[in-house]
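Below: one structure, written as structure tokens.
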Amino acid sequence: MTRQRSVILDELRKTCAHPTAEELFETVRARLPRISLGTVYRNLELLSESGEVRKIDVGGRRRYDGNVEDEHYHARCTVCGRIEDVSSTAVTALDYRIEEVRGFTVTGHLLTFIGLCPECVRAAEKRN
């Protein structure tokens, strides 16, 4: 693992914000001022392929998640684009129900919940 890749992974694991490559680039530049955006993109792709980070394709923008240890899903705000982690507990119950009713063995998910984050809900309530 190169120093650049190590710093990118470290900075990604420090945040729960699920940044874009461009947002992560700005953070990484504080530690590696000479790094290029292309280097960040290439390393994120390699880290994703190796399973060390997750790519999240939602809302037309690719974001990255450094938390690959905990089984979880994501919720995306349709107003501001914020992405938050969602526990897998409820979905696991759904897996069992699908298997029980349909006999279908669930081996994985591609699931993102879509709605409004708490800040956007409060902002909408203030406007009304």
Side-chain angles (χ1 to χ4, degrees):
M1 175 163 306
T2 66
R3 171 150 167 70
Q4 292 171 327
R5 192 169 308 142
S6 177
V7 170
I8 290 166
L9 183 58
D10 183 51
E11 291 299 325
L12 184 57
R13 287 185 174 162
K14 285 181 185 178
T15 183
C16 294
H18 306 87
T20 63
E22 294 86 358
E23 291 166 342
L24 189 57
F25 168 66
E26 292 301 325
T27 304
V28 170
R29 276 185 44 193
R31 289 176 59 185
L32 300 172
R34 298 176 63 103
I35 197 166
S36 71
L37 179 57
T39 298
V40 172
Y41 270 110
R42 281 190 299 281
N43 279 285
L44 284 171
E45 192 61 34
L46 290 169
L47 290 166
S48 175
E49 289 171 2
S50 70
E52 294 185 71
V53 304
R54 289 184 197 170
K55 278 193 274 191
I56 307 170
D57 291 311
V58 292
R61 299 204 65 196
R62 181 172 289 162
R63 295 179 171 274
Y64 297 88
D65 188 350
N67 178 3
V68 295
E69 299 300 319
D70 299 328
E71 182 68 29
H72 66 279
Y73 301 96
H74 299 99
R76 178 180 60 89
C77 180
T78 57
V79 174
C80 69
R82 178 180 176 168
I83 296 177
E84 293 188 9
D85 290 342
V86 176
S87 168
S88 66
T89 308
V91 177
T92 301
L94 181 60
D95 285 352
Y96 293 129
R97 184 70 179 138
I98 291 170
E99 289 177 10
E100 180 181 278
V101 172
R102 305 295 298 171
F104 189 91
T105 301
V106 178
T107 60
H109 304 93
L110 297 173
L111 179 63
T112 301
F113 298 93
I114 299 169
L116 300 176
C117 70
E119 289 81 11
C120 290
V121 168
R122 284 192 291 276
E125 289 171 351
K126 286 181 183 178
R127 287 191 302 268
N128 293 332

To the nearest 0.5 Å, atom CD of Glu11 lies from atom OG1 of Thr27 at 6.0 Å
Is there side-chain contact between Asp65 and Ile83, with at least one heavy-atom pair below 4.5 Å? no
Heavy-atom closest pair (Cys117 atom, Cys77 atom, distance to 0.1 Å) is N-SG, 3.3 Å
- prompt: Do you reckon Tyr64 sits in the same ILVMFWY cluster as Leu46, going by side-chain contacts under 4.5 Å, direct or chained?
  reply: no
Side chains of Ser6 and Arg3, donor plus acceptor under 3.5 Å: no
Between the CD1 atom in Ile56 and the OH atom in Tyr73, the distance rounded to the nearest 0.5 Å is 13.0 Å
Does Leu94 belong to the same Ile/Leu/Val/Met/Phe/Trp/Tyr cluster as Phe104, with side-chain heavy atoms less than 4.5 Å apart forming each link? yes
When you group the ILVMFWY residues by side-chain heavy-atom contacts below 4.5 Å and let the links chain together, are Val121 and Val79 in the same group? yes
Here the gap from Gln4 atom CD to Ile35 atom CD1, rounded to the nearest 0.5 Å, amounts to 4.5 Å
When every non-hydrogen atom of Lys55 is compared with those of Ser48, the smallest separation belongs to CE-OG, 3.2 Å
Distance col, row Thr20:OG1 vs Phe25:CZ, nearest 0.5 angstrom, shows 11.0 Å
Rounding to 0.5 Å, atoms CZ (Arg54) and CG (Asn67) come to a distance of 6.0 Å
Answer yes or no: is there a side-chain heavy-atom contact under 4.5 Å between Arg61 and Arg76?
no
Arg82 side chain near Glu119 side chain, heavy-atom distance below 4.5 Å:
yes
Distance col, row Arg42:CZ vs Leu37:CG, nearest 0.5 angstrom, shows 9.5 Å
Above 12 or not: heavy atoms from other molecules or residues under 6.0 Å from CD of Glu69?
no
inquiry  = So for atom NZ, which belongs to Lys126, do other residues, nucleotides or ligands contribute more than 12 heavy atoms lying within a distance under 6.0 Å?
reply    = no
With the threshold set at 4.0 Å, does a side-chain nitrogen-carboxylate oxygen contact exist between Arg122 and Glu125? no
*Under 30°, 30 to 60°, or over 60°: which ring-plane class applies to His72 and His18, parallel, tilted or perpendicular?*
tilted
Looking only at the side chains, is there a donor atom on one of Ser50 and Glu52 sitting less than 3.5 Å from an acceptor on the other?
yes
Of Val7, Leu12, Leu9, the one forming a side chain to side chain contact (heavy atoms under 4.5 Å, CB included) with Val28 is Val7
If you group Ile, Leu, Val, Met, Phe, Trp and Tyr by side-chain heavy-atom gaps below 4.5 Å, do Met1 and Val53 land in one group?
yes
